[in-house]
Amino acid sequence: MRSVTYSMNVSLDGYIVGPDGGFDWTVPDEELFRFTTDEVREVGVYLIGRRLYETMLYWETVDQIPSIDFSTLEFAAVWKSLPKVVFSTTLSEVRGNARLASGGLAAEVERLRAEPGEGDIAIGGATLAAEAAASGLIDEYRAKVHPVLVGGGIPFFPRHERRVDLELVETRTFSSRVVYLRHRVAR
């Protein structure tokens, strides 16, 4: 059965976006960028909320910029080819290799898990991840912890009233001092 993963950059105090809406502190160096590209390469389908979908539209056309470097082109190619399911109540159409979700998150995950397919089912976007976590759909949490305190904003971990035990399955420290923590939900 395919795993559902939630992977994001996060500040040491637990936020994916700061109080001003910014995430400039997450700009990766070459080593972290390659790691992230490889991580996305392992994804079979990406379930994404509207706000993150709109942010990631940048990658649909970045390859048209003449001075773009190889790593950026490589990530863009991986991202563009990745099937995406967008959860939105306000969008009527999406671009690229994406489709609008036709049902709820739990039903979509159940359908995707039942289908033959390679790669993880990744969840992106804080609101969507919070819904997935509250429903017990997430199998792995993958945090790239940046050495910064942003003081507030959108939290990486959803706020809900249930305990979730985790098992640490992988760590890695990058030269940029970012620490990758991969935890599997203990079931």
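Looking at residues two or more places apart in sequence or on another chain, you find a salt bridge (charged side-chain N to carboxylate O under 4.0 Å, His left out) between E74 and R34, R41. Y53 pairs by the ring-ring contact (aromatic ring centres under 6.0 Å, His included) definition with nothing, not counting sequence neighbours. In this view, D63 and K80 satisfy the salt bridge (charged side-chain N to carboxylate O under 4.0 Å, His left out) rule, not counting sequence neighbours. For S175, the side chain to side chain donor-acceptor pair (under 3.5 Å) partners two or more places apart in sequence, or in a different chain, are E31.
Nearest heavy atom pair, residue G152 against residue P19, reads O-CD, 3.0 Å. Nearest approach of W25 to G18, heavy atoms of both residues: NE1-N, 4.2 Å. The heavy-atom pair separating S176 from P147 by the smallest distance is O-CG, 4.2 Å. Of all heavy-atom pairs between I16 and A126, the closest is CD1-CB, 3.7 Å.
Between F33 and F75, the two ring planes are tilted [angle within 30° to 60°]. Aromatic ring pairs are classed by plane angle as parallel below 30°, tilted from 30° to 60° and perpendicular above 60°; the pair Y141 and F157 is tilted.
No path of Ile, Leu, Val, Met, Phe, Trp and Tyr side chains, each step under 4.5 Å between heavy atoms, connects V145 with V169, placing them in separate hydrophobic clusters. Linking Ile, Leu, Val, Met, Phe, Trp and Tyr residues whenever their side-chain heavy atoms come within less than 4.5 Å leaves I138 and M1 in two separate clusters. No path of Ile, Leu, Val, Met, Phe, Trp and Tyr side chains, each step under 4.5 Å between heavy atoms, connects V27 with W59, placing them in separate hydrophobic clusters. One hydrophobic cluster, built from ILVMFWY side chains closer than 4.5 Å, holds both Y46 and Y58. Residue V10 is grouped with residue L166 when hydrophobic side chains (ILVMFWY) are merged at heavy-atom distances under 4.5 angstrom, including chains of intermediate members.
V178 shares a hydrophobic cluster with L32, F35, F174, Y180; the chain of contacts runs through ILVMFWY side chains whose heavy atoms sit under 4.5 Å apart.
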Which atom pairs, one a donor and one an acceptor, fall under 3.5 Å between side chains of residues 91-98 and the rest of the protein, sequence neighbours left out?
from: N97; atom 1: ND2; to: S81; atom 2: O; distance (Å): 2.7

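Atom OG1 in T90 sits 10.0 Å away from atom CZ in R51 (nearest 0.5 Å). The CG atom of L100 sits 10.5 Å away from atom OG1 of T89, with the distance rounded to the nearest 0.5 Å. Interatomic distance, F156 CZ to N9 CG, rounded to the nearest 0.5 Å: 9.5 Å. Going from atom OG1 of T127 over to atom CD1 of I154 covers 7.0 Å, rounded to the nearest 0.5 Å. Atom CG of residue L47 and atom CD1 of residue I123 lie 4.5 Å apart, to the nearest 0.5 angstrom. Rounding to the nearest 0.5 Å places CG of L52 at 11.0 Å from NZ of K84.
When each of V43, I48, V45 is paired with L82, the side-chain contact (heavy atoms from CB on, under 4.5 Å) condition holds for V43 and for no other. Of the listed residues (R187, R184, R2), just one forms a salt bridge (charged side-chain N to carboxylate O under 4.0 Å, His left out) with D139, and that residue is R187.
Taking the six-membered ring where the residue is Trp, the centroids of F23 and Y15 are separated by 6.0 Å or more.
Looking at heavy atoms from C-beta onward, W79 lies out of side-chain contact with V62 at the 4.5 angstrom threshold. Side-chain contact check for T173 versus T171: every heavy-atom pair is 4.5 Å or farther apart.
Under a cut-off of 6.0 angstrom, the local environment of CZ in R113 is crowded, with over 12 non-hydrogen atoms contributed by other residues, nucleotides or ligands. Remark: E170 CD is packed, more than 12 non-hydrogen atoms of other residues, nucleotides or ligands lying under 6.0 Å away.
Put simply, the side chain of D69 gets close to the backbone of S71: a donor and an acceptor are under 3.5 Å apart. Looking only at distances, no side-chain donor or acceptor of K144 sits under 3.5 Å from a matching main-chain atom of S7. Put simply, the side chain of D13 gets close to the backbone of G151: a donor and an acceptor are under 3.5 Å apart.
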